[in-house]
Amino acid sequence: MCLVLIAVFLFALSGGGLPARAVEAISVPATADAVDLTYSVEHYDNHGNSIQVSTAPGADGIVRRIEVTSRDGKNTDWIVFALSNPSDEQIDRLLVAPFYRLVGSGIIWPDLGTSRIASLSPSQGIIPERIRSPDADVYQITLDPGAVVTFVAELHTSNVPQLYLWQPEAYKDSVNAYTLYKGIVLGISGLLALFLTIIVVIKGTIMFPATAGLAWTVLGYLCIDFGFWNRVFGLSAGGEQLYRAGGEVLLAASLIVFLYGYLNLNRWHIHYSHVAIAALVLLLCLFGIAIWDPAIAAGIARLSLGVIGLLGFGVILVLAFQGYDRAIMLIPTWFLLLVWIFGAALAANAALANDLVQPAIDGGMVLVVLLIGFTVMQHAFAGAALLQGSIGDVERRALALTGSGDMMWDWDVDRDHIHTAGEVEILLSLKPGTLEGPAREWLDVIHPSDRDRFRATLDAIIDQRRGRIAQVFRLRSEDGHFRWFLLRARPLLGSDGEVVRCVGTLHDVTEQKTFEERLLHDSVIDNLTGLPNRQIFLDRFNTAMARYKVDGVVRPTAVVLDIDGFKQVNTNQSISVGDSILLTMARRLARQIKPQDSLCRLAGDQFGIVLLSEQQPDRIAAFGEALRRAVRAPFTFGEHEIYLTGSIGLAIGDGANTAASEVVHDAEIAMYQAKMLGGDRMEAYRPTLKTVTGDRVVLENDLKNAIANEELRILYQPIIRLSDRSIAGFEALVRWQHPKQGWLGPHDFIPLAEESGLINDLGLYVLERAARQLSYWQQHGPNNQHLFTSVNVSSRQLLRHDLINDVKAVMSRSALTPGTLKLEITESLVMENPEYSARVLERLRAFGAGLSLDDFGTGYSSLSYLQRFPFDTIKVDQSFVRNDHKNHNGGARPVILRSIVTLAHDLGMDVVAEGAETESDALELLQLGCEYAQGFLYGQPMPAEEASRMLSRQAERVQA
């Protein structure tokens with residue numbers, strides 16, 4: 001016995017841990033989304049630098065022993081648990097230990113969160129893989145069928161507040177749901193803080209800055225609690241402890257400032273000011289304590305929050321009994337604040353331990369601030385506040401009306417006389433006095449569709465003797481055109497309670513309504529040809545299919561026509577020539593259909609027809625041949641003729657339970673088959689074609705996987721500053737090394753991405769990696785702060801609302817110099833929808849993105865629109881730069897190039913010339929005043945590593 005004790009004593013002196021007893025295995029059900037292991041693990045605190053564990057009995061009943069040594073050889077804490085897989089299938093689970101949980105964190109010396117698990121060792125099987133997560137320690141665990149595995153976890157801290165075993169998909173869904181909730185709460189909190197800050201500009205009293213400060217403090221604390229600052233500043237696990245402690249200190253301090261400012265305590269007694277200042281000083285001293293020990297500072301802040309809530313409620317009640325209206329209005333809101341503090345305290349002490357507690361506490365914090373904001377707003381716009389000062393109420397309203405720029409509208413009900421300012425008649429080019437008179441005479445100038453609504457609104461105001469008028473209607477001008485106006489008015493009652501007047505304003509909203517109508521029009525109508533787009537095509541075909549299923553009379557046929565070799569027309573001729581061909585093609589095809597048929601533009605050079613006029617197969621085939629002959633007719637441009645052909649696919653709706661999109665897809669398969677057979681032919685769909693066109697589907701799936709697996713390569717072509725031949729930036733170009741087809745250029749997969757909708761994911765892929773690489777260059781190069789990178793934007797990206805959010809997210813994740821991440825957009829792209837493009841570009845420019853107009857001179861080149869778009873760079877097409885026998889511009893090339901450069905400089909834009917291949921090209925561009933050049937003379941597209949070496953060599957030359 002003595003020998004055993006001596007052996008144990010020597011083993012302890014050597015740093016080894018004492019042996020641990022065997023654990024009981026926890027059965028992992030195959031169907032449960034999550035299993036709580038928090039209270040099922042065995043803790044071994046300060047157990048030494050190693051631990052010996054008796055494993056849980058396996059299927060054979062044998063108990064084994066394992067020994068695990070800590071990573072750094074120091075004494076540490078351990079937890080041990082065992083899992084069993086009773087099923088006959090392999091089980092994959094995620095072991096999740098959150099860094100921070102409010103539940104159970106404590107009030108005094110709280111646990112502010114950190115990484116919990118340093119390593120995880122199994123007794124058998126696959127070693128768990130750590131999965132990177134900003135919010136928790138996550139390990140992927142694999143359990144073989146029938147296996148019983150004992151796990152030993154080395155801990156960073158002695159406390160593991162929560163330990164769950166999740167199904168991977170369930171955990172992903174839970175994280176996504178919580179992320180959505182975080183976004184909603186942060187959005188509401190941010191809007192509230194911004195709104196209260198705007199009110200500070202309007203109202204200068206102290207309670208408004210105090211309220212805004214409280215709102216911003218809550219927003220900052222939520223950003224800490226939701227891990228937002230971790231992503232911004234790249235904090236390690238547990239690195240947010242100082243931020244969390246500081247946020248809690250600021251939360252307590254901002255409550256004191258709000259209570260002092262809102263109740264205007266300095267007017268009641270000087271002691272209130274002394275107490276408030278002393279409390280603020282003590283709380284601010286906690287920042288120094290937080291640097292030394294964040295847990296102590298956070299504990300004092302949490303206690304202070306409860307004390308402030310109780311003492312503040314007492315002060316509010318005292319002032320309320322004295323009849324102070326601000327204190328009376330604050331009672332219900334402050335009571336809810338006390339409820340929130342009490343709930344947070346229960347959660348911190350683990351009295352409330354549900355997983356929904358922490359999200360509820362965060363949401364409740366925003367709700368309390370929202371109620372405080374509403375309470376403050378009641379004072380901000382109370383009627384009594386507006387009467388203060390030397391200017392009377394009527395004069396204030398007159399000044400407000402004059403400053404707003406709106407036009408006055410006054411209806412004297414007793415006299416039935418409407419009076420408007422002369423600006424309305426001038427705007428409509430009407431004779432003076434035309435809009436002065438009875439209300440019924442207004443009906444003559446109001447649009448017929450708006451007359452009944454206008455009359456009913458006026459009658460309702462008079463009958464009900466309350467309400468407001470907020471109506472949009474159209475007034476006819478002298479030339480017969482209509483303009484939109486917004487009328488806002490309210491009734492004024494006489495001493496008898498009847499309406500005597502209606503007074504308000506008229507505001508011209510024609511431009512806004514025109515923009516809305518343009519957006520609505522462009523959402524369903526192709527901007528170039530005026531034909532319905534793909535969505536309308538599918539809707540009309542779906543309607544025809546539904547009608548055929550009911551009556552069985554008119555069976556629809558989907559016809560898809562694609563112009564063969566159209567992309568070469570845009571490349572060799574110009575985009576304007578291509579657009580002219582598309583317009584002519586639309587007219588030709590429209591002459592071939594009958595009134596019951598529908599012609600639509602599905603994509604760039606692809607048209608679709610809902611054919612209802614022909615029912616017999618031979619007649620349908622004859623119709624397809626007529627379309628083919630219409631496409632074959634030559635297109636004449638001056639002395640040149642362009643010959644094109646078309647590939648046509650047919651698919652007949654069979655009346656079965658088949659969606660319209662499937663029939664149209666079948667027609668597209670037939671069209672692609674016609675293209676594969678050489679084009680200039682027509683093919684009807686048959687089921688065997690799906691195997692023939694499978695390669696396209698396979699390539700599409702390969703591209704989707706390549707984007708998901710980050711297999712695409714980003715190459716960078718240098719853009720040179722001509723004045724000193726230094727590298728000014730790069731253009732990011734995407735390439736794809738297909739596992740079977742080898743290197744693929746953009747022309748091999750970009751059109752497929754456009755047609756399949758993958759272009760949005762592909763564009764974001766390129767944008768994120770180009771921004772990340774540019775940020776690296778700017779941070780690691782001595783003279784790279786103004787280095788820029790250009791990224792091309794496709795039409796689908798520009799016309800997609802998420803582009804603004806994508807660019808904003810990329811800019812926020814990358815520390816870039818404003819204006820150095822340039823988005824290259826072609827002329828034809830912005831001209832597809834000029835109004836919408838202008839608004840999107842303005843938003844992108846506001847986020848700090850640079851804007852480059854690509855291929856200038858090959859498209860519309862509309863000067864009127866060029867002034868509207870906020871481009872900072874013009875990129876001249878290579879056809880105006882190359883001075884060789886292949887250039888068809890002849891002697892006009894230098895003149896055109898000089899004009900483009902002069903125009904760009906007059907508009908305050910830089911010029912980048914593409915296609916510089918010789919020294920003479922570069923010299924000519926420099927003499928013309930062109931700032932930048934790009935071409936094979938300065939380098940082919942290269943990997944980022946080679947581009948970095950070029951920048952390094954340039955820096956060495958500068959230092960030498």
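Atom set for the values below is all heavy atoms of this structure, side chains included, hydrogens, waters and symmetry mates excluded.
- Here the shortest heavy-atom pairing between T557 and F541 reads C-CE1, 3.6 Å.
- The NZ atom of K875 sits 11.0 Å away from atom CG of L853, with the distance rounded to the nearest 0.5 Å.
- Atoms NZ and OG, from K822 and S852 in turn, are 6.5 Å apart once rounded to the nearest 0.5 Å.
- A distance of 8.5 Å separates OG of S613 from CD1 of I593, quoted to the nearest 0.5 Å.
- Scored by the ring-ring contact (aromatic ring centres under 6.0 Å, His included) test, H447 finds F482 as partners (sequence neighbours excluded).
- Between R474 and D450 there is a salt bridge, since a side-chain N of the basic residue sits under 4.0 Å from a carboxylate O of the acidic one.
- Among residues two or more places apart in sequence or in another chain, the side-chain contact (heavy atoms from CB on, under 4.5 Å) test is passed with L612 by A544, V554, P556, Q596, D597, V610.
- L370 pairs by the side-chain contact (heavy atoms from CB on, under 4.5 Å) definition with L192, F374, not counting sequence neighbours.
- Here R839 contributes atom CZ and I804 contributes atom CD1; the two are 11.0 Å apart, rounded to the nearest 0.5 Å.
- Considering CG of L583 and CZ of R588, their distance stands at 12.0 Å, rounded to 0.5 Å.
- Counting only distance, with no hydrogens or angles, the side chain of E436 and the backbone of T420 share a donor-acceptor pair below 3.5 Å.
- Across every non-hydrogen atom of A849 and M811, the tightest pair is N-CE, 4.2 Å.
- In this structure, R845 forms no cation-pi arrangement with F871, as its terminal cationic atom is not both closer than 6.0 Å to the ring centre and no more than 45° off the ring axis.
- Taking 4.5 Å as the limit, every side-chain heavy atom of V503 sits out of range of all side-chain heavy atoms of W409.
- For Q471, the side chain to side chain donor-acceptor pair (under 3.5 Å) test picks out T457, with sequence neighbours left out.
- The two residues G929 and H905 come nearest to each other via the heavy atoms O-CE1, 3.0 Å.
- V664 places a side-chain heavy atom less than 4.5 Å from the side chain of L538.
- Taken from CG in D562 to CG in D605, the straight-line distance is 4.5 Å, to the nearest 0.5 Å.
- Shortest non-hydrogen contact noted between G646 and V631 is N-CG1, 3.6 Å.
- Counting heavy atoms from C-beta outward, I446 and F485 have side chains that stay 4.5 Å or more apart.
- Taking the side-chain contact (heavy atoms from CB on, under 4.5 Å) definition, one finds that A546 meets it with nothing, sequence neighbours left out.
- When all heavy atoms are compared, the tightest approach of I874 to A904 is CD1-CB, 3.8 Å.
- You'll find the side chain of V876 stays beyond 4.5 Å of the side chain of V912, heavy atoms only.
- Atom CZ of R488 is surrounded by 12 or fewer heavy atoms from other residues, nucleotides or ligands within 6.0 Å.
- Remark: K594 pairs with E614 by the salt bridge (charged side-chain N to carboxylate O under 4.0 Å, His left out) rule, at least two apart or across chains.
- A donor-acceptor pair is defined here as one N or O able to donate and one able to accept, closer than 3.5 Å; no such pair exists between the side chain of R601 and the backbone of G530.
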Between L644 and I581, does a side-chain contact (heavy atoms from CB on, under 4.5 Å) hold up when you go through it step by step? CA-CA 10 Å; L644 294 173; I581 291 176; 3.7 Å; yes
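- Counting heavy-atom neighbours within 6.0 Å of R451 CZ, excluding the residue itself, gives a total above 12.
- The shortest side-chain heavy-atom distance between V807 and L823 falls under the 4.5 Å cut-off.
- The closest side-chain heavy-atom distance from T873 to L851 is not below 4.5 Å.
- Counting heavy atoms from C-beta on, the side chains of L599 and F537 never come closer than 4.5 Å.
- Side-chain contact between L821 and L767 is present, with heavy atoms from C-beta onward closer than 4.5 Å.
- Residues C502 and P491 share a closest heavy-atom pair of SG-CA, 4.0 Å.
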